[in-house]
There are 2 protein chains.
Amino acid sequence: MAAQSQYEELARQLSAIGAVKRGLARALPAHCPSGSAAALTLIDQHGEMRMSRLAELLAVDMSVTSRHVAHAAERGWIERSPDPADKRSRILRLTAAGQDMLGVLSQRSIDTLAHTLDDWSDDEVGELNVMLARLRHSFDCKARALPPHHDLDTRTPV
Amino acid sequence: MAAQSQYEELARQLSAIGAVKRGLARALPAHCPSGSAAALTLIDQHGEMRMSRLAELLAVDMSVTSRHVAHAAERGWIERSPDPADKRSRILRLTAAGQDMLGVLSQRSIDTLAHTLDDWSDDEVGELNVMLARLRHSFDCKARALPPHHDLDTRTPV
DNA sequence: TATTGTTATACTCTATAACTATA
DNA sequence: TATAGTTATAGAGTATAACAATA
């Protein structure tokens, strides 16, 4: 267990990390918003999969996943073939154009981070990666069990 | 300098950290979106300031800052008084209601993180905080110098 | 003329709910 | 009846550009 002030600080850091994400997003090619980029990356990493699995990996609602995938499919980066085992499902695969786009995406991320983190050692970046992965995992496991706030207490301090 | 694969991994981790941010945002009281929450936190942390300074701390455009502050001011959390030294400017201060709201916000962040990170030590959370702060700092310093992509190369792989 | 702040507009990401097609 | 996926709608965050007031 950490001190309360560490949690408050972490909340602030997470709130501010959006600026870093926007910095990376600015390097994306036109017509490839970060949502589509994330979908391409995950399909490349995990291989072909169904919509529901991708939604799980993206940690967003399937309706959101559907939009990102539709965007990528319209541009020829993702192919959606019918699943022979279940006619409701569709199997997602990267096309050759999708792999090309992924190459551009990777290179731009690398360029941006190599420039901004030029004074970070390999170990330091690796350590940050490990901790971010663990942070995500902790949330995946335990956040579901959190009772939603009903805001009954919001009225008191006003 | 880190290996390219570490940069690619960091880009993936940052892309996925949105799920954690959404987890924290779900604990926010109604009518206090994360943008307003961030504004309240920064004014509390740094004391009274002008719009332009807050925009700098939030690392977003001043038009965005203006919206967040207007939202908070409408609810009585922030007071905007004219700056005697420059009639174009407004000085931002937390009201008593704003400090109350801030107390609620802090407590909810602490509750959420204490629950999800219950197996993290104080040192581990502290180390993550340090690295996230350094990440932000690296971007603040160097991202401005990055040449914007003109997407001339996007046409090639298609 | 330049700067501070606001507003109008547009785009992206997200969730909920309604809907279809299939299981 | 339940599940996989799509679409419509709505809310939040952001940026650019046009604008008003002041420096």
Side-chain angles (χ1 to χ4, degrees), chain A residues 14-39 49-75 78 80-92 143-144 148, chain B residues 14-39 49-75 78 80-92 143-144 148:
Chain A
L14 289 172
S15 159
I17 213 66
V20 175
K21 295 185 69 173
R22 288 195 296 279
L24 275 172
R26 266 189 284 276
L28 291 177
H31 306 125
C32 188
S34 57
S36 300
M49 64 182 78
R50 303 197 305 177
M51 290 290 312
S52 50
R53 168 74 173 140
L54 180 56
E56 197 181 306
L57 291 172
L58 286 169
V60 296
D61 192 85
M62 192 158 56
S63 66
V64 177
T65 308
S66 183
R67 279 195 171 280
H68 292 326
V69 168
H71 180 95
E74 281 161 18
R75 277 151 189 85
I78 290 178
R80 290 179 285 192
S81 16
D83 182 347
D86 185 338
K87 287 181 184 166
R88 297 172 302 180
S89 290
R90 305 171 82 167
I91 305 288
L92 308 175
R144 304 186 200 291
Chain B
L14 288 173
S15 158
I17 214 66
V20 175
K21 294 186 69 172
R22 287 195 296 280
L24 275 172
R26 266 190 284 276
L28 292 178
H31 306 124
C32 187
S34 55
S36 299
M49 65 182 77
R50 304 196 305 175
M51 291 291 311
S52 51
R53 168 73 173 141
L54 180 57
E56 196 182 307
L57 290 173
L58 286 169
V60 297
D61 192 86
M62 192 157 56
S63 65
V64 177
T65 307
S66 183
R67 279 192 171 283
H68 292 327
V69 168
H71 180 95
E74 281 161 18
R75 277 153 190 82
I78 289 178
R80 290 180 284 192
S81 17
D83 182 348
D86 184 340
K87 286 181 185 167
R88 296 171 302 180
S89 291
R90 305 171 82 167
I91 305 289
L92 308 176
R144 304 186 200 291

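Quick caveat: nothing in here was measured; it's all calculated off a predicted structure. Below, read A as the first sequence line, B as the second, and so on, with proteins coming before strands; counting in each chain starts at 1.
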Query raised in the report: Hey, is NE2 on H31(A) packed in by over 12 heavy atoms from elsewhere, all under 6.0 Å?
Result: no
Query raised in the report: M62(A) or R88(B): which one's nearest nucleotide on DNA chain D is closer to the 5' end?
Result: M62(A)
Query raised in the report: Contact class for R67(A) vs. all strands (heavy atom < 4.0 Å): base, sugar-phosphate, or nothing?
Result: base
Query - S63(A) vs dT16(C): side-chain N/O to OP1/OP2 distance below 4.0 Å - result: no
Query raised in the report: Backbone N or O of A59(A) within a donor-acceptor pair of the R22(B) side chain at under 3.5 Å?
Result: yes
Query raised in the report: What's the closest nucleotide to the V64(B) side chain, out of dA15(C), dT14(D), dT16(D)?
Result: dT14(D)
**Report entry** Which nucleotide in dC13(C), dT22(D), dG5(D) has an atom nearest any side-chain atom of S34(A)
**Finding:** dC13(C)
Report task. Please confirm whether the backbone N or O of H71(B) pairs with a side-chain atom of R75(B), one donor and one acceptor, at under 3.5 Å? Result -> yes
Query raised in the report: Any N or O donor-acceptor pair linking the side chain of S52(B) to the base of dT3(C) at under 3.5 Å?
Result: no
Report summary line: From the candidates dC13(C), dG13(D), dT4(C), the one with an atom nearest any side-chain atom of P33(A) is dC13(C)
Report summary line: Closest to the 5' end of DNA chain C, once D86(B) and G35(A) are matched to their nearest nucleotides, is D86(B)
Query raised in the report: Does S89(A) make a side-chain N or O approach to OP1 or OP2 of dG5(D) shorter than 4.0 Å?
Result: yes
Query raised in the report: CD of E74(B) versus P of dT6(C): gap in Å, rounded?
Result: 12 Å
**Report entry** Partner of S63(A) by side chain to side chain contact (heavy atoms under 4.5 Å, CB included), out of D61(A), T65(A), V60(A)
**Finding:** D61(A)
Requested in this report: Have a look at D83(B) and say if it touches a base, only the backbone sugar-phosphate, or nothing, with a 4.0 Å heavy-atom cut-off.
Outcome: nothing
Requested in this report: For the side chain of S66(B), starting at C-beta, report the closest nucleotide among dT6(C), dT14(C), dA23(D).
Outcome: dT6(C)
Query raised in the report: Counting any heavy atom closer than 4.0 Å, what does V60(B) reach on the DNA or RNA strands: base, sugar-phosphate only, or nothing?
Result: sugar-phosphate
Query raised in the report: Out of dT14(C), dT6(D), dA23(D), which has the shortest distance to the side chain of R22(B)?
Result: dT14(C)
Requested in this report: Answer yes or no: does a side-chain N or O of H68(A) lie under 4.0 Å from OP1 or OP2 of dT14(C)?
Outcome: yes
Report summary line: With the side chain defined as heavy atoms from C-beta on, M51(A) is closest, among dT22(C), dG5(D), dT4(C), to dG5(D)
Report task. Find the distance R90(B):CZ to dA23(D):P and express it as a whole number of Å. Result -> 15 Å
Query - side-chain N/O R80(B) vs dT6(C) OP1/OP2, d < 4.0 Å - result: yes
Query - R90(B): salt bridge (charged side-chain N to carboxylate O under 4.0 Å, His left out) partners, not counting sequence neighbours - result: none
